[in-house]
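Worksheet: one structure, shown below.
Bear in mind that the values here come from a model prediction, so they are computed numbers and not experimental data. Protein chains get the first letters and strands the later ones, always in sequence-line order, with residue 1 at the start of each.
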Protein chains: 2
Amino acid sequence: MKWDTLDEEQCSLSRTVAVVGDRWTLLILRECFLRVRRFEGFQSSLQITRHLLSERLKKLVRFGILRRVPYSETPKRYEYILTQKGLDLYPIIMAMVHWGDTHMGDERGRPLLHQHKSCGKLFDPVMVCSECGEALHAKQVHVHAGPGRKEAVA
Amino acid sequence: MKWDTLDEEQCSLSRTVAVVGDRWTLLILRECFLRVRRFEGFQSSLQITRHLLSERLKKLVRFGILRRVPYSETPKRYEYILTQKGLDLYPIIMAMVHWGDTHMGDERGRPLLHQHKSCGKLFDPVMVCSECGEALHAKQVHVHAGPGRKEAVA
DNA sequence: ATTCTATAGTTCTAAAATGGAACTGTCAAA
DNA sequence: TTTGACAGTTCCATTTTAGAACTATAGAAT
């Protein structure tokens with residue numbers, strides 16, 4: 001597999017995996033959603049090597065997930081802010097958190113609770129069908145080839 | 001970071017990342033949801049090296065995502081079937097597919113279309129609040145420490 | 001009886017990615 | 001003038017991955 005062209009494959013999952021399909025990137029995004037924005041912030045909370053952090057941040061900027069915004073002129077300092085494209089990754093992160101809560105929990109209970117500002121309640125994220133609103137399950141879904149492809153590959 | 005103990009961290013995202021946070025594992029899971037079950041099936045559709053495929057399948061079995069089920073006695077042959085724990089990864093995969101459709105598409109349109117058997121329509125997956133049913137957005141969510149942790153870490 | 005094919009791996013070596021630690025450069029504050 | 005915060009870069013050892021060949025079992029073909 002040539003990972004450098006994975007984002008051009010005829011498969012939306014591959015294209016997403018090309019961007020966020022590694023451990024550090026997912027953990028960095030977690031920090032972004034927890035409002036971490038600066039190099040030192042990521043580095044100290046993740047214990048990632050500075051070299052890799054630098055690389056991953058560049059990649060996320062390159063793909064338009066983060067914007068590198070100056071917050072000080074002298075010395076030049078930047079912070080990394082989620083773009084809309086980055087904010088749209090939220091369902092992926094939440095789906096992963098929820099799966100972890102459900103299947104990888106320990107006796108102490110879940111590490112974090114999520115409260116929905118709109119309704120005020122603690123909630124779990126649920127994936128539903130955009131058309132009928134019912135909760136989605138793998139076995140209830142048929143896959144068809146779309147215009148961007150001939151055979152089915154998810 | 002010691003990746004071998006990532007699944008014991010006080011963070012549900014880390015625990016999930018420990019299991020599915022690499023490229024090959026995500027692509028293997030895509031194939032599982034497309035009904036691929038056998039070693040040769042994965043190998044030929046993914047072009048993954050046999051060595052890595054073998055390792056990843058073992059890991060998925062170890063974590064209870066796949067079950068190794070014999071389908072022939074002589075010679076001994078096995079296939080890999082998603083467990084319920086594995087089927088529950090569907091929202092993660094669908095969230096990634098949908099993000100790819102939205103943000104990484106090209107002019108030809110999306111590679112695959114999904115039809116919901118219950119309502120019969122082509123749909124997109126939407127993540128909603130379990131309590132009020134409203135679509136979730138990162139900025140509408142407050143994070144609190146839960147029983148399994150002292151500080152917030154997603 | 002011997003070769004061919006299918007399936008499900010394992011083994012080997014070279015190349016690439018990662019970890020860990022130290023180093024660079026700019027500026028502010030003590 | 002020295003120290004510390006910040007945002008990186010450089011270097012080398014270790015780990016992971018890619019690519020290809022090899023092993024093993026058994027049924028089917030010659």
Atom pair distance, as rounded to whole Å: CG in B:L57 and P in C:dT10: 10 Å
Donor-acceptor under 3.5 Å (B:S14 side chain, B:L6 main chain): no
B:Q43 side chain to B:I48 backbone, donor-acceptor under 3.5 Å: yes
Whole-Å gap separating P (C:dT18) and CG (B:L6): 15 Å
Minimum-distance pair of heavy atoms, taken over all atoms of B:P75 and B:S72: O-OG, 2.6 Å
Integer-rounded Å distance: D:dG8 P and A:L53 CG: 8 Å
Residue mapping more 5' on DNA chain D - nearest nucleotide basis, A:Y78 or B:I48: A:Y78
Heavy-atom closest pair, residues A:D7 and A:R15: O-CG, 3.3 Å
Whole-Å gap separating C1' (C:dT7) and CD (B:E79): 12 Å
B:E79 side chain vs B:R38 backbone, donor-acceptor pair below 3.5 Å: no
Rounded distance in Å - CG (B:D22) to P (D:dT17): 7 Å
B:R68 NZ/CZ over B:Y78 ring centroid, <6.0 Å and within 45° of normal: yes
Nearest atoms (heavy-atom pairs only) where B:R35 meets A:V141: NH2-O, 4.4 Å
D:dA18 phosphate, OP1 or OP2, under 4.0 Å from A:W3 side-chain N/O: yes
Residue whose closest nucleotide on DNA chain C lies nearer the 5' end, B:H51 versus A:R77: B:H51
Residue B:L52, side-chain heavy atoms: nucleotide from C:dT18, C:dG25, D:dT17 that is nearest: D:dT17
Whole-Å distance separating the CD atom of B:E55 from the P atom of D:dA18: 11 Å
DNA chain D contacts made by residues 35-47 of chain B, counting heavy atoms under 4.0 Å: none
Parallel, tilted or perpendicular: rings of A:Y80 and A:F42 (30°, 60°): perpendicular
Any residue of residues 60-76 of chain A with a heavy atom less than 4.0 Å from an atom of DNA chain D: A:R68, A:Y71
Salt-bridge criterion met for A:R50 and A:E40 (N-O under 4.0 Å): yes
Touch class at under 4.0 angstrom, heavy-atom based, for A:R23 against every strand present: nothing
Proximal nucleotide (of D:dT17, C:dT10, D:dT9) relative to the B:R56 side chain: D:dT17
Residue-phosphate contact under 4.0 Å: B:S54 side-chain N/O, C:dT10 OP1/OP2: yes
Closest to side chain of A:R50, choosing from D:dA7, C:dG19, C:dT10: D:dA7
Phosphate OP1/OP2 of D:dA7 contacted by A:K58 side-chain N/O (<4.0 Å): no
Donor-acceptor pair, side chain of B:S130 and main chain of A:P125, under 3.5 angstrom: no
